[in-house]
Number of protein chains: 2
Amino acid sequence: MSSKEKREITINDIAKELNISPSTVSRALNDNAKISEATKKKVKAVAQDLGYELNLVASSLSKNKTNVIGVIIPNIGSQFFAQALSGIQEKARENGYNVIICQTNESVEQEKEMTRVMNSARVDGLVCCLTMETKDVSHFGVFEKKGIPVAMFDRVSYAVPGPKIVVDNYEAAYTATEHLINLGCKRIAHLGGVTSSKVFSDRIEGFKDALSKNDLPLMPQFLLSSDLTEQDARDAMRIWLNLPEKPDGIVAASASSGLVIASSAKSAGLDLPEELSIISLGNERCNEFVTPSLSAVDMPGFDMGKTAITKLIECIKEEKVDSSITLKPIRLLIRNSSFKHK
Amino acid sequence: MSSKEKREITINDIAKELNISPSTVSRALNDNAKISEATKKKVKAVAQDLGYELNLVASSLSKNKTNVIGVIIPNIGSQFFAQALSGIQEKARENGYNVIICQTNESVEQEKEMTRVMNSARVDGLVCCLTMETKDVSHFGVFEKKGIPVAMFDRVSYAVPGPKIVVDNYEAAYTATEHLINLGCKRIAHLGGVTSSKVFSDRIEGFKDALSKNDLPLMPQFLLSSDLTEQDARDAMRIWLNLPEKPDGIVAASASSGLVIASSAKSAGLDLPEELSIISLGNERCNEFVTPSLSAVDMPGFDMGKTAITKLIECIKEEKVDSSITLKPIRLLIRNSSFKHK
DNA sequence: GCATCCTATGCAAGCGCTTGCATTATTTAT
DNA sequence: ATAAATAATGCAAGCGCTTGCATAGGATGC
């Protein structure tokens, strides 16, 4: 029953077959210039015949590079990250890199563990998006020390060198808020993320500034900060809808919380967008399908992932360290959840 | 500017430091029973001090196992696959496996390419979900020959040995269709996937049988088969809504096509669910947020992924070949898009 | 007190590939 | 025709770790 695992075909087998040395075979397969076309042809033919397939493990060991890129992201479930991942994959494959992926589930502990794994796996480079809670980034120190480039996107830390691909979160929130203001909203609330994360504190700043620049008061109870879980969004709505003066506009710090907020508002019997305009920071496919369709500021996930890995690969190939910051443009998508008031 | 990559710390460094042999160090680090507790302690301490981290590449080469599992799926963007991936990841990590992931984007060519890559990477096992088009599965032959287990879920081929995790697609469609029938629908249409895929042909069969068992006619124009893209769904709706006798119930073969169908119906001015009931085969989070919320048959993605890798790991560890078929239960989720007629 | 047995450790080969250097065969220049 | 350069291939070490077998003490048995 146990399958008799036959020995792998190696370059030695090819060498023996042709009565040449393994090194010649290796060079032939790698199209080394010093090998004659004739032998290359022969070697490749025999390799084909024997069903030879390069052992990447052995190759990695001797070349001291693995051709794999590690990816650390909070979670694959979010559409933003799924898109980023697609962008990463695509470019990686194009360049002959394999990708090993880990999720942190927003846990700093797991993030640390993942860096250890990536280090052990001797990845040639790393692209990651930090958890919302990550403050201390010393676990990325190993890579700097060993000269392994680390590209970060979205949730980044400028304390670790390497390319950064970000979006202007201040602008995103500012634009979204101003959009609601232009629509005539006067009492605008914001469900924000944890303030320890720059992404979310920037959004909160953008929100605040948009209000003050437009001479609207910031009502303290209208600025809530949370982990942005579904329950958090529901709780926020419960609070807001019980206020004597309910908000007439809400800026949600994430796509998913925006969805929940809209849904809660509708269940509470509110007329959207007449009584309440909603816009979320982050767009998901679903936003188009709900009623009313949800306005959003779109963050270009695919593009960010793709740029991150593109820069990473440059760093790897040219053995340079590039700590440039790339700012990706965002798009205001006006849909039916935000509506001219009064 | 070029970072002076210092040599890696190896077990030899530890050995030298302690004046013992590298083999002892290796065994100590692996908690080999023949090594005294005393030396284990010393070795680990020094390893810690020096910042030693096992080189998995070297380890893999000498052990002839990599501790990585390859995953081949059509695309990460779909929620079903994202969930499956999460299940796979979780279990893999628990067991100390790394996961390398590739998307085929429903291209058979890419699927073949990916098997080559996985083979080169010498993965210890493979879990995959075939493309909709895959008929010939000879590219999986290498793994069988080498005794590398391959677990398949959802879109599987019984022509390749290994654990299969599936759902009864016939039943899913049958149940969904019968649900609409029970609601009083008389003119039920089905937007199906490509018939070359067992998943979708089973669904079509289930749909047909539910109709005939309930003495409802199958109107030929009510059974459409497609790639299930957004455009396909839109096209189908255009056809159906232009019919003199429009359908009063639709079974969509995928979550995303269901969403598009519902959205098209609403734009066309139909009253959902009064004039048209909709149910989709496959559930997404979004289904709860749209109006009306979309009924669906839920396919347990996370669970399927998790079971697939669990069985795979068993095969790896026990060096057995298990071609069992695991049938995962589906759930009928009745929401507001399907509604008592008449 | 000597043969016997553990216990803990070391030796060295080997995993499959790459690569600097040496070597041989073949041209080219003089 | 001979030195010098060039082209094509081979040798052997090395990547870092694992592991079968050998070995050296120390404990045990009678």
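We use all heavy atoms of the structure for the numbers below, so side chains are in, but hydrogens, waters and symmetry mates are not. Letters A, B, ... are given to chains in the order of the sequence lines, protein chains preceding strands, and every chain is numbered from 1.
One interatomic measurement links the two molecules: CG of Asp31(A) to P of dA8(D), which rounds to 14 Å at whole-angstrom precision. Straight-line distance from the NZ atom of Lys42(B) to the C1' atom of dA8(C): 11 Å, rounded to whole Å. Note: CG (Leu61(B)) to C1' (dG14(D)) measures 12 Å, nearest angstrom. Straight-line distance from the CG atom of Leu56(A) to the C1' atom of dT18(C): 14 Å, rounded to whole Å. Following rounding to the nearest Å, Lys34(A) (NZ) and dA25(C) (P) show an atom-to-atom distance of 17 Å. With rounding to whole Å, Asn19(A) atom CG is found 11 Å from dC11(D) atom P. Atom C1' of nucleotide dT18(C) and atom CD1 of Ile11(A) are separated by 8 Å, given to the nearest angstrom. In this entry the distance linking CZ of Arg27(B) with C1' of dT19(D) reads 6 Å, nearest Å.
For the pair Ile101(A)/Val99(A), a side-chain contact is recorded, criterion being any heavy-atom separation below 4.5 Å from C-beta on.
At least one side-chain nitrogen or oxygen of Asn30(A) sits closer than 4.0 Å to the OP1 or OP2 atom of dT18(C). In terms of phosphate contacts, Ser62(B) brings no side-chain nitrogen or oxygen within less than 4.0 Å of OP1 or OP2 of dG14(C).
A salt bridge does not link Lys311(A) to Glu314(A): none of the charged nitrogens lies less than 4.0 Å from a carboxylate oxygen. Between Glu53(A) and Lys146(B) no salt bridge is recorded (no basic side-chain N to carboxylate O distance below 4.0 Å). For the pair Asp31(A) and Lys44(A), the salt-bridge criterion is met [side-chain N within less than 4.0 Å of a carboxylate O].
Among the heavy atoms of the strands lying under 4.0 Å from Thr39(B) are primed sugar atoms or P, OP1, OP2 only; no base atom is included. Here Ser26(B) lies in heavy-atom contact (under 4.0 Å) with a base. Contacts of Ser36(A) with the nucleic acid, taken as non-hydrogen atoms under 4.0 Å apart, involve only primed sugar atoms and P, OP1 or OP2.
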Check the pair Ile73(A), Thr104(A) against side-chain contact (heavy atoms from CB on, under 4.5 Å), reporting the backbone distance first and the verdict last. CA-CA 6 Å; Ile73(A) 50 177; Thr104(A) 61; over 6 Å; no
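Side chain of Ser23(A), nearest nucleotide from dT9(D), dG16(D), dA12(D): dA12(D). The listed nucleotides are dC17(D), dT19(C), dG16(C); the one nearest the side chain of Lys63(A) is dT19(C). The side chain of Ser21(B) sits closest to dG10(C) out of dG10(C), dT18(D), dG16(C). In this structure, of dT18(C), dT9(D), dG16(C), it is dT18(C) that holds the atom nearest to the side chain of Leu54(A).
Along DNA chain C, the nucleotide nearest to Thr10(A) and the one nearest to Asn32(B) differ in position, and the one closer to the 5' end is contacted by Asn32(B).
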